[in-house]
Enquirer: 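Just dropping this structure here.
For the numbers below, each heavy atom of this structure counts, side chains included, while hydrogens, waters and symmetry mates do not. We count ligands from 1, going down the list as the structure has it; atoms in each ligand are counted the same way.
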Amino acid sequence: MRVSVIGCGYLGAVHAAAMADLGHDVIAVDVDAEKIATLRAGLPPFFEPGLPEILSTSLASGRLNFTTEMADVAGATVHFIAVGTPQSDASGAADLRFVDAALDALIPHLGPQDIVVGKSTVPVGTAERLAERLLTAGSTATLVWNPEFLREGFAVKDTLAPDRLVFGVAQGTGHDAALRALHEVYATAIAGGVPVVETDLATAELVKTAANAFLATKISFINAMSEIAEATGANVTELADAIGYDTRIGRRFLNAGVGFGGGCLPKDIRAFSARAEELGLGDSVAFLGEVDAINLRQRQRVIERVLTEGGGAETGLTVAVLGLAFKPHSDDVRDSPALDVALGLVAAGATVVAYDPEAMGAAQKRFPELVVAKNVDQALLGADIAVLVTEWPEFVELDPRRVGDLMTHKRIVDARNVLNPAQWRAEGFHYSSLGRP
Ligand SMILES: NC(=O)C1=CN([C@@H]2O[C@H](COP(=O)(O)OP(=O)(O)OC[C@H]3O[C@@H](n4cnc5c(N)ncnc54)[C@H](O)[C@@H]3O)[C@@H](O)[C@H]2O)C=CC1
Ligand SMILES: O=C(O)[C@H]1O[C@H](OP(=O)(O)OP(=O)(O)OC[C@H]2O[C@@H](n3ccc(=O)[nH]c3=O)[C@H](O)[C@@H]2O)[C@H](O)[C@@H](O)[C@@H]1O
C-alpha cells in the first residue's frame, strides 16, 4: 500500500520506517526541514534502538521517502497523523493546534476514498471534531482513530509487534472500507496473532488516555507505598515483588523511585483531567491530580535526600548525577525526572556534574549551563555523593569498589532502587534509596 505519515518525531519517524519495513510505500512529511534532511540521510534525529537499521534498509529499498511538501502525499491512500499534542498551558489541556494544522494542510491533497488515521494522543471527542472538519472542507475521505502504544526505547519492536491494535471507526459510509484498509496496513502483525479491537472513535481515543492513566497510577501507587515503607522500615521492592506475584496486579510498572516523566505520561494525565473538567466530570478522575502530585513529590524527595545525605549544599557539596534521560534506552529529556533532579540540586547551591550515555546533547540543548562529564568516571571523580536517577545498565552494573576509589566520599542515593544495598555497604558506602532500608 502507499501510505503517508505526517509528523516525524519519536512516533512518526518510527512508524514511517516500520511501515516501509513491512513492505508499504511510505511518504513521511514534517514541517521541520532540518529533521527531514537528517532522516533523508538515514540518521534518526533521536536515539532509538533498532531505528537506524530499519531506516537505512527502508531508504535503500526506495520504499521510504521524506519530504517537507504536503503535496507529495498525493497518491497515498492511507494517511497517518502523528504530530505532537503537547501540554498547552497551566490547565494541562492538550494543545491540538498541530493536529488541526496537519489535517488542514492534508485536506487539499486527499482522494475521495482516502483514509485519514489519527495516531497522536488526543482528548476524547477530538476525532469526531476532526471528522466534521473534513466534511466541512468538502472531503469525502474517512477519518479513523488508531492510537499508538509504543514505548520509547522499544519503539521499533512495539510498532512491528504491538500488544494490541485498536481501530476506532465511526458507523456509516466508509466504515467497512476503512476497516479493510487498516487490516491491510497491519496484515503482518495481525497474521502474527496481534489482537485487534474494533470500536468507535471515542472508545479508541479513550483507550489510549486510559492506558497511560493506568500506567501512571500504578507507578504513583508504588511510590506512595515507598513513602509508607520508608517511614515504617518496610522494603518497597519486596512489597512490589510480593503483590506483583498476584497475577491480577502484576509486577510490571511497580518500580518505585524518582517517578515517571517523558513526553507522554505526565502530559497525558493532565490532558485527561482537563478534558474531564470540560465534560463536567472532573471528580471522576480527580485521583489523577494526586497521581501527578505523588509523582512530582518523588523528584523533591530525591533532591532533599541528596542534600541531607551529602551534608547540605552549604558545605560546597559536589554531586555526580547519573542519568539525564527520562528512562534508559532513550535520549528524551522531556519532563525528565533525572534532569529535574540535576537542575533542582543546582538551584539548591550544589555543584553538579551529570552524565548520561545518550541524553547529554538533548539536555545541554535545553540547559547549556548544565555541567556534564565525558563519561561516568569523570562525573564520579571527586564527588561527595552520587545519585542514580536513570537506570542505564552502565550505572546498574557499576562496581562499588571502583566508584569508591573515584569519589571523595562514599555516598550514593539510588533513586531507582536498582543497586544491591548489601554490595555497596560492604564497600563502605553510605547507601540510601527510596523505600528500601
Ligand atoms: N513519543 C512516544 O513514545 C509516543 C507518542 N505518542 C503521541 O504521538 C504524538 C507525537 O508524539 P512525538 O512523536 O513524541 O512528538 P514529537 O514532538 O517528537 O514529534 C512531532 C513532530 O510533528 C511535527 N509537526 C508538527 N506540526 C506538523 C505539521 N503541521 N505537519 C507535519 N509535521 C508537523 C513536528 O515538527 C515534530 O517533528 C503525541 O500525541 C504523543 O502523545 C503516542 C505514543 C508513543
Ligand atoms: O503514550 C506514550 O507516549 C507512551 O507512554 C509510555 O511509554 P514511555 O513514555 O516511552 O515510557 P515508559 O516505559 O512507560 O516509562 C515512562 C516513565 O515511567 C517511569 N517508570 C516506569 C515503570 C516503573 O515501574 N516505574 C517508573 O518510574 C520510567 O522511568 C519513565 O520515566 C507508555 O508505556 C506507552 O505505552 C505509551 O505509548
Side-chain angles (χ1 to χ4, degrees), residues 4-15 28-36 38-39 45-46 48 67-70 73 80-87 94-106 118-123 126 146-155 158-159 162-164 208-209 211-216 218-223 226 237 240 244 250-269 271 295 298-299 323 325-330 332-340 389-391 415-418 434:
S4 80
V5 178
I6 298 142
C8 296
Y10 285 91
L11 164 60
V14 175
H15 191 69
V29 191
D30 203 290
V31 288
D32 184 336
E34 202 180 318
K35 196 173 272 185
I36 289 298
T38 314
L39 284 162
F46 48 86
E48 183 60 50
T67 181
T68 54
E69 297 299 323
M70 191 63 92
V73 306
F80 291 97
I81 297 194
V83 299
T85 49
Q87 187 175 326
D95 183 350
L96 298 173
R97 275 177 304 170
F98 304 105
V99 172
D100 290 352
L103 184 69
D104 290 347
L106 176 64
K119 281 207 89 61
S120 302
T121 303
V122 294
T126 306
N146 164 225
E148 176 58 54
F149 303 95
L150 70 81
R151 299 158 299 166
E152 288 176 27
F154 302 91
D158 287 351
T159 306
D163 284 347
R164 79 301 214 177
K208 174 64 197 179
T209 37
N212 275 3
F214 192 85
L215 293 171
K218 224 175 157 186
I219 299 168
S220 279
F221 175 84
I222 201 65
N223 280 333
S226 85
T237 304
R251 180 62 177 83
R252 294 173 76 187
F253 273 67
L254 283 181
N255 294 322
V258 69
F260 61 81
C264 292
L265 295 192
K267 75 148 172 77
D268 288 349
I269 57 167
N295 189 53
Q298 291 301 96
R299 301 179 188 190
F326 82 107
K327 66 172 194 178
H329 314 291
S330 170
D332 198 346
V333 295
R334 290 180 292 179
D335 206 342
S336 167
L339 190 53
D340 262 10
V389 261
T390 313
E391 68 278 32
R416 290 288 183 179
N417 290 349
V418 285
L434 299 179

Enquirer: Between Arg416 and ligand 2, which part of the residue brings a heavy atom under 4.0 Å of the ligand: side chain, backbone, both or neither?
Expert: side chain
Enquirer: So if I count the atoms of ligand 1 from 1 in the order they appear, which ones are less than 4.0 Å from some heavy atom of Cys264?
Expert: 2 (C), 4 (C), 5 (C), 41 (O)
Enquirer: If you round to the nearest 0.5 Å, how far is CG of Leu434 from CG of Asn255?
Expert: 12.5 Å
Enquirer: Of all the atoms in ligand 1, which lie at a distance below 4.0 Å from a heavy atom belonging to Ala102?
Expert: 29 (N)
Enquirer: Which of the atoms of ligand 2 are close to Cys264, meaning less than 4.0 Å from one of its heavy atoms?
Expert: 1 (O), 2 (C), 3 (O), 5 (O)
Enquirer: Using 0.5 Å steps for rounding, measure from the CZ atom of Phe214 to the CZ atom of Phe253.
Expert: 11.5 Å
Enquirer: Less than 4.5 Å apart, side chain to side chain, heavy atoms only: is that true for Phe46 and Ser330?
Expert: no
Enquirer: Using a strict cut-off of 4.0 Å, indicate which atoms of ligand 1 neighbour a heavy atom of Ile6.
Expert: 30 (N), 31 (C)
Enquirer: Among protein heavy atoms, which lies nearest atom 19 (O) of ligand 1, and at what distance?
Expert: Gly9 CA, 3.1 Å
Enquirer: With a 4.5 Å limit on heavy-atom distance, are the side chains of Val258 and Arg416 in contact?
Expert: yes
Enquirer: Can Val31 and Phe98 be said to form a side chain to side chain contact (heavy atoms under 4.5 Å, CB included), step by step?
Expert: CA-CA 10 Å; Val31 288; Phe98 304 105; over 6 Å; no
Enquirer: If you measure from each heavy atom of Lys208 to ligand 2, is any distance below 4.0 Å?
Expert: yes
Enquirer: Look at atom 31 (O) of ligand 2 and find which of Phe154, Phe326, Phe253 reaches it with the closest heavy atom.
Expert: Phe326
Enquirer: Assess Arg252 for proximity to ligand 2: is some non-hydrogen atom of it under 4.0 Å away?
Expert: no
Enquirer: With heavy atoms of Asn212 as the reference, note each atom of ligand 2 found under 4.0 Å away.
Expert: 1 (O), 2 (C), 5 (O), 32 (C), 36 (C)
Enquirer: How far is atom 41 (O) of ligand 1 from its nearest protein heavy atom, and which residue and atom is that?
Expert: Lys267 NZ, 2.7 Å
Enquirer: Is there a nitrogen or oxygen of Lys119 sitting under 3.5 Å from a nitrogen or oxygen of ligand 1?
Expert: no
Enquirer: Does any N or O in the side chain of Thr159 come within less than 3.5 Å of the main-chain N or O of His15, such that one atom is a donor and the other an acceptor?
Expert: no
Enquirer: List the steps, then state whether side chain to side chain contact (heavy atoms under 4.5 Å, CB included) holds for Asp163 with Phe149.
Expert: CA-CA 8 Å; Asp163 284 347; Phe149 303 95; over 6 Å; no
Enquirer: Does a side-chain heavy-atom distance below 4.5 Å link Cys8 with Leu39?
Expert: yes
Enquirer: Which ligand 1 atoms are under 4.0 Å away from a heavy-atom of Phe98?
Expert: 25 (C), 26 (N)
Enquirer: Could you state the interatomic distance from OG1 (Thr68) to CD (Glu34), rounded to the nearest 0.5 Å?
Expert: 13.0 Å
Enquirer: Within the 4.0 Å heavy-atom shell around Ala82, which atoms of ligand 1 are there?
Expert: 10 (C)
Enquirer: Looking only at distance, does Leu265 have an N or O less than 3.5 Å from an N or O of ligand 2?
Expert: no
Enquirer: Please list the nearest protein heavy atom to atom 35 (O) of ligand 2 with its residue and the distance rounded to 0.1 Å.
Expert: Phe149 O, 2.8 Å
Enquirer: As an exercise, identify every atom of ligand 2 less than 4.0 angstrom from a heavy atom of Phe260.
Expert: 17 (C), 18 (O), 19 (C), 31 (O)
Enquirer: Of all the atoms in ligand 2, which lie at a distance below 4.0 Å from a heavy atom belonging to Glu148?
Expert: 37 (O)
Enquirer: Does any N or O of ligand 1 fall below 3.5 Å from an N or O anywhere on Lys208, backbone included?
Expert: no
Enquirer: Tell me which protein heavy atom sits closest to atom 35 (O) of ligand 1, plus the residue, atom name and distance to 0.1 Å.
Expert: Asp30 OD1, 2.6 Å
Enquirer: For Thr67, is there any backbone N or O sitting under 3.5 Å from a side-chain donor or acceptor partner on Asp30?
Expert: no
Enquirer: Taking atom 34 (C) of ligand 2 as the point of reference, which of Leu150, Leu11, Asp335 owns the nearest heavy atom?
Expert: Leu150
Enquirer: Check if Gly257 has a non-hydrogen atom at a distance under 4.0 Å from any atom of ligand 2.
Expert: no
Enquirer: Give me the residue, atom name and distance of the protein heavy atom closest to atom 27 (C) of ligand 1.
Expert: Val83 CG1, 3.6 Å
Enquirer: Let's go through Leu11 and Leu150 carefully: what are the C-alpha distance in whole Å and the side-chain angles of both, what is the deciding distance for side chain to side chain contact (heavy atoms under 4.5 Å, CB included) to 0.1 Å, and is it a yes or a no?
Expert: CA-CA 8 Å; Leu11 164 60; Leu150 70 81; 3.9 Å; yes
Enquirer: Kindly determine whether His329 and Glu152 satisfy side chain to side chain contact (heavy atoms under 4.5 Å, CB included), including the steps that lead there.
Expert: CA-CA 8 Å; His329 314 291; Glu152 288 176 27; over 6 Å; no
Enquirer: My understanding is that only one of Asn212, Thr85, Asp95 makes a side chain to side chain contact (heavy atoms under 4.5 Å, CB included) with Lys267; could you say which?
Expert: Thr85
Enquirer: Going by heavy atoms in the side chains, are Glu148 and Cys264 under 4.5 Å from each other?
Expert: no
Enquirer: Glu148 to ligand 1: N or O pair under 3.5 Å?
Expert: no
Enquirer: Between Lys218 and Arg252 (side chain of the first, backbone of the second, donor and acceptor by atom type, cut-off under 3.5 Å), is there such a pair?
Expert: yes
Enquirer: Counting only nitrogen or oxygen atoms and a 3.5 angstrom limit, does Asn255 reach ligand 2?
Expert: yes
Enquirer: Got the closest protein heavy atom to atom 42 (C) of ligand 1, with its distance?
Expert: Thr121 OG1, 3.6 Å
Enquirer: For atom 13 (O) of ligand 1, find the nearest protein heavy atom and state the residue, atom name and distance (0.1 Å precision).
Expert: Leu11 N, 2.8 Å
Enquirer: Is Leu265 close to Phe326 at the side-chain level, that is, under 4.5 Å between some pair of heavy atoms?
Expert: no
Enquirer: Quick test: of every protein heavy atom, which one is nearest to atom 7 (O) of ligand 2, and how far off is it to 0.1 Å?
Expert: Arg151 CA, 3.9 Å
Enquirer: Using a strict cut-off of 4.0 Å, indicate which atoms of ligand 2 neighbour a heavy atom of Glu152.
Expert: 10 (O)
Enquirer: Is Glu152 in polar range of ligand 1, meaning some N or O pair under 3.5 Å apart?
Expert: yes
Enquirer: Counting each atom of ligand 2 from 1 as listed, which ones have a heavy atom of Leu215 under 4.0 Å away?
Expert: 32 (C), 33 (O)
Enquirer: Among protein heavy atoms, which lies nearest atom 15 (O) of ligand 1, and at what distance?
Expert: Arg334 NH1, 3.7 Å
Enquirer: Going by heavy atoms in the side chains, are Met70 and Ile6 under 4.5 Å from each other?
Expert: yes
Enquirer: Note the single closest protein heavy atom to atom 28 (C) of ligand 1, along with its residue, its atom name and the distance in Å.
Expert: Val31 CG1, 3.6 Å
Enquirer: Would you check if Leu96 and Pro123 make a side-chain contact, meaning some heavy-atom pair closer than 4.5 Å?
Expert: yes
Enquirer: Is there a side-chain contact between Gln298 and Ser226 in this structure, where contact means two heavy atoms from C-beta onward sitting under 4.5 Å apart?
Expert: yes
Enquirer: Hey, are Asp335 and Arg299 close enough for a salt bridge, meaning a charged N less than 4.0 Å from a carboxylate O?
Expert: yes
Enquirer: Among protein heavy atoms, which sits nearest to atom 8 (P) of ligand 2, and what does the distance come to when rounded to 0.1 Å?
Expert: Lys327 NZ, 3.8 Å
Enquirer: So, is Lys35 polar-close to ligand 1, with some N/O to N/O distance under 3.5 Å?
Expert: yes
Enquirer: Looking only at N/O atoms, are Thr85 and ligand 1 under 3.5 Å apart anywhere?
Expert: yes
Enquirer: Identify the protein heavy atom lying closest to atom 20 (N) of ligand 2, giving its residue, its atom name and the separation to 0.1 Å.
Expert: Ile219 CD1, 3.5 Å
